[in-house]
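One structure is given below, encoded as structure tokens.
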Amino acid sequence: MTDTAKNRILEESLRKLYGEISLSAGRKPLIGITGNFREGETRLAEAYWASVAAAGGIPVIIPQVDDAQEISDMIDRIDGLLLSGGADIDPEYLGEEPLDGISTNPRRDLPEMLTIRLAYNRRVPMLGICRGIQMLAAALGGGLYQDIFTLHGPDSLQHSQNGERHERSHQVHIEKDSLLFRLLGCEDTGVNSFHHQAVSRVPDGFRVTATAPDGIIEAMESTRFRSILGVQWHPECMHMAGDDSFMPIFHWLVSEASSFREARAIHRSEIILDSHCDTPMFFDKGALFQNRDESVEVEYEYVGEDSPDGKPTFRYTPLVSLPKMCDGGQDVSFMVAYLRQEARDRDSLSAATAKADRLLSLIEERIGMCRGQAVIARTPAEVIRNKADGLKSVVLGIENGYALGLDIGNVRHFAERGVSYITLCHNGDNDVCDSAKGNAEHNGLSEFGKSVIGEMNRYGIMIDLSHASEKSFYDALEFSRLPIICSHSSSRALCDHRRNLTDDQMKALAAAGGVAQVCLYSGFIRKDGEATIRDAVRHIVHMAEVMGTDHIGIGSDFDGGGGIVGLEDASGLTDLTRLLLAEGFSHDDIRNIWGLNFLRVWEKIREGRSL
């Protein structure tokens, strides 16, 4: 064939392919697949990428990259992660001496462990196959058998079969209440098997969902509402042999990745705002905002409302940090100077004002250490500009009007310091108003409190009625000429706690143009048992039904007791968005809930100033 003929065939083929390209394409999720490394080459068996493509995903190979920043950037570009099979995992990474006969692949282990940890922190959906499930366990704190026959016992099955890769060598039993059962629809199934290492202990936050007859773990999944599944066998080999009984596993990965892709796109385009966290309490103990998991020693009373006798000290890792905000796609954190309600004599009131000032300065100092990454924002316009510039915003607040003492001039003082809102009280009556946990000392707002309301309106400081009694709440609505907020309050109809809002309160708040921010404190979300992210969604749904989606938002109360299963810290906010999408909330609804509602109210209060 002449070169001219070859070129003509090539051009015709290219024109045909080009004509088949859909202009609406590009919505498929990108699934990264860890490649194997052998003889100086990154390789990937066709079965892996073919199974992903057949399930509707776009497969890409992840090579053995050593640079941590490159791995991080790669994780930000994929929507799902498939951990493929391969050589043994080096037991030294688990603090163990290697047994004879272990055949490791040092070019894979460390990069993949970092890849898994980053993907885990950022909530990227993951599927581990064979070595992949073992890597999940090793990277996330579980344990491995270096060799099944040596460590598990001589009565173990032959888990490294000699037959064809699509042949089923033994049965596994699947737990009926598991994700795997929902996908495969059976309690028992035959699997293929090519391994001599295995998971001996699943990490915290995971459960065993399938076992072999000899007790070897064949599957595990997350118990914390994360999209993570691991199987010990090779479902991709079955697909290549025309057996699609395990394809639901790949369809699950692609579906979860598609959901994650949509949620992450919202977080990248919209302002994601948390209206309340107490992290500065831990700045006061030495925590640094730029460190992801730095722990500090604290007394129990600093975390939540209920403390055991004796106030023991323990190590605590703050739930909000710059890396965790990045992981969760969060743009704005309202950080408060929290003041516990103490005595109300002159010296104590003076000390409270001084403490608030010190904590505000500490917030400014800690955020100032994050130049080029995070800044203090004092207006909605600054928040919007920071988002456009790729900067995280931290906004100042005060939790407990106790900081004002009895000096009305302190309202102006804190306004000049850039304080955006003041929560009028905390757990106990103060000189401003009665608390939900108080003794109805003033029957609502005090006379001083009424003056405080007027001054806060005058200086454009948001009036926050979280923690206030019902009478204080309605008094504030009456005396304020501007909308009020509840920076971290949930629904009393779903969780009968005096700190939560009744439906009537929510309707009155919405009618006055205000906003209520769903609190993620377990005891305010659910009365019986530990609250989960799905319980929080129930509150959002109910509050939207009562007030409409223009009057709700999120105020996590992280580091003040907030944090629930599936949404343990700021890194989990994307998963909340995924659940809101699954509930049928529109993009506009979610944009409003995550930030625009609160920014709108804040701007209206600033515009209503009468300086």
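These values consider heavy atoms only, across backbone and side chains, with no hydrogens, waters or symmetry-generated copies.
- Salt bridge present: Arg207 and Asp177 bring a charged side-chain N and a carboxylate O closer than 4.0 Å.
- Closest heavy-atom contact between Ala137 and Leu144: CB-CD2, 4.2 Å.
- Between Lys392 and Leu322, some side-chain heavy-atom pair lies under the 4.5 Å cut-off.
- Using modelled atom types, no side-chain atom of Gln64 and backbone atom of Thr42 make a donor-acceptor pair closer than 3.5 Å.
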query = Please walk me through it: do Ser393 and Asn386 pass side chain to side chain donor-acceptor pair (under 3.5 Å)?
reply = CA-CA 7 Å; Ser393 294; Asn386 291 341; 2.9 Å; yes
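- For Gln146 against Glu97, the heavy-atom pair with the smallest separation is NE2-O, 2.9 Å.
- A pairwise comparison of heavy atoms in Leu82 and Phe250 identifies CD1-CE2, 3.8 Å as the closest pair.
- A distance-only check finds a donor-acceptor pair linking the side chain of Asp331 to the backbone of Ile272 [under 3.5 Å].
- Note that OG of Ser295 is 11.5 Å distant from OH of Tyr316, once rounded to the nearest 0.5 Å.
- Taking CG of Asp559 as the start and CG of Asp278 as the end, the distance is 7.0 Å to the nearest 0.5 Å.
- Put simply, the side chain of Ser269 gets close to the backbone of Ala265: a donor and an acceptor are under 3.5 Å apart.
- Here the side chain of Thr150 pairs no donor or acceptor atom with the backbone of Asp147 at under 3.5 angstrom.
- Arg131 places a side-chain heavy atom less than 4.5 Å from the side chain of Asp109.
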Test log, rule side chain to side chain donor-acceptor pair (under 3.5 Å), inputs Ser84 and Arg108 = CA-CA 11 Å; Ser84 67; Arg108 288 192 68 176; 3.3 Å; yes
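- With a 6.0 Å radius and a threshold of 12 heavy atoms from other residues, nucleotides or ligands, Asn162 has its CG atom at or below the threshold.
- Annotation: His152 is in aromatic contact with Tyr145 [ring centroid separation under 6.0 Å].
- The shortest side-chain heavy-atom distance between Arg268 and Asp76 falls under the 4.5 Å cut-off.
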query = Run the side chain to side chain contact (heavy atoms under 4.5 Å, CB included) check on Asp244 and Met238 step by step: do they pass?
reply = CA-CA 7 Å; Asp244 285 344; Met238 305 297 192; over 6 Å; no
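- Judged by a 6.0 Å distance limit and a 45° cone about the ring axis, Arg578 is not positioned over the six-membered ring of Phe260.
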request  = Just do the salt bridge (charged side-chain N to carboxylate O under 4.0 Å, His left out) check on Asp243 and Arg168 with the steps written out, would you?
outcome  = CA-CA 11 Å; Asp243 179 355; Arg168 302 182 186 230; 2.6 Å; yes
task = Start with the C-alpha gap between Met325 and Val320, add the side-chain angles, then the distance that decides, and say whether side chain to side chain contact (heavy atoms under 4.5 Å, CB included) holds.
result = CA-CA 7 Å; Met325 287 181 67; Val320 181; 4.2 Å; yes
request  = Tell me, with the steps shown, if Ile554 and Ile540 meet side chain to side chain contact (heavy atoms under 4.5 Å, CB included).
outcome  = CA-CA 9 Å; Ile554 310 296; Ile540 294 170; 3.7 Å; yes
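- Note: Phe524 and Tyr521 have parallel aromatic rings, judged against thresholds of 30 and 60 degrees for the angle between ring planes.
- In this structure, Gln232 contributes its side chain and Glu218 its backbone to no donor-acceptor pair below 3.5 Å.
- A salt bridge does not link Arg224 with Glu530: every distance from a Lys NZ or Arg NE/NH1/NH2 to an Asp or Glu carboxylate oxygen is 4.0 Å or more.
- The shortest non-hydrogen separation linking Pro318 to Thr279 is CB-CG2, 4.2 Å.
- Between Lys285 and Glu297, the closest side-chain pair of non-hydrogen atoms is not below 4.5 Å.
- Aromatic ring centres of Phe246 and Trp233 lie closer together than 6.0 Å.
- Panel note: side chain Asn36, backbone Gly86; no donor-acceptor pair is recorded below 3.5 Å.
- At least one donor-acceptor pair closer than 3.5 Å links the side chain of Gln330 to the backbone N or O of Val332.
- Under the 3.5 Å distance criterion, the side-chain polar atoms of His234 are left unmatched by any main-chain donor or acceptor of Glu236.
- Cys277 places none of its side-chain heavy atoms less than 4.5 Å from the side chain of His488.
- Between Leu359 atom CG and Met335 atom CE the span is 12.5 Å, to the nearest 0.5 Å.
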key: side chain to side chain contact (heavy atoms under 4.5 Å, CB included) between Ile62 and Met74, worked out   = CA-CA 8 Å; Ile62 297 177; Met74 174 193 64; 3.2 Å; yes
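- Using a 4.0 Å cut-off between a side-chain N of Lys or Arg and a carboxylate O of Asp or Glu, Asp79 and Arg264 qualify as a salt bridge.
- Other residues, nucleotides and ligands contribute only 12 or fewer heavy atoms inside 6.0 Å of the CZ atom of Arg371.
- Between Leu273 and Ser275 the shortest side-chain heavy-atom distance falls below 4.5 Å.
- Relative to the ring axis of Phe37, Arg107 places its NZ or CZ within 45° and under 6.0 Å from the centre.
- For Ser169 (side chain) and Asn192 (main-chain N/O), no donor-acceptor pair under 3.5 Å exists by modelled atom type.
- Of the inter-residue distances, the one linking Ile564 atom CD1 with Ser522 atom OG reads 7.5 Å to the nearest 0.5 angstrom.
- Panel note: side chain Asp535, backbone Thr532; a donor-acceptor pair is recorded below 3.5 Å.
- Evaluated for a side chain to side chain contact (heavy atoms under 4.5 Å, CB included) with Leu229, the options Leu183, Ile133, Ile129 yield exactly one hit, Leu183.
- Between the CD atom of Gln161 and the NE2 atom of His195 there is a distance of 9.5 Å, given to the nearest 0.5 Å.
- The shortest heavy-atom contact between Leu118 and Ile75 is CB-CG1, 4.2 Å.
- For the atom pair CG of Leu581 and CG of Leu576, the computed distance is 10.0 Å after rounding to the nearest 0.5 Å.
- Met113 is listed as a side-chain neighbour of Tyr93, based on a closest heavy-atom distance under 4.5 Å.
- The ring-ring contact (aromatic ring centres under 6.0 Å, His included) check on His170 picks up His159, with sequence neighbours excluded.
- A pairwise comparison of heavy atoms in Glu167 and Gly163 identifies OE1-CA, 3.6 Å as the closest pair.
- Side-chain contact between Ile363 and Phe289 is absent, with no heavy atoms from C-beta onward closer than 4.5 Å.
- Geometric assessment of Arg226 against the ring of Tyr120 yields a positive cation-pi assignment under the 6.0 Å and 45° thresholds.
- One finds no salt bridge joining Lys324 and Asp327 here, because no Lys/Arg side-chain nitrogen approaches an Asp/Glu carboxylate oxygen to under 4.0 Å.
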message = Between Thr317 and Asp293, does the side chain to side chain donor-acceptor pair (under 3.5 Å) criterion hold? Intermediate values first, please.
response = CA-CA 6 Å; Thr317 302; Asp293 288 314; 5.6 Å; no
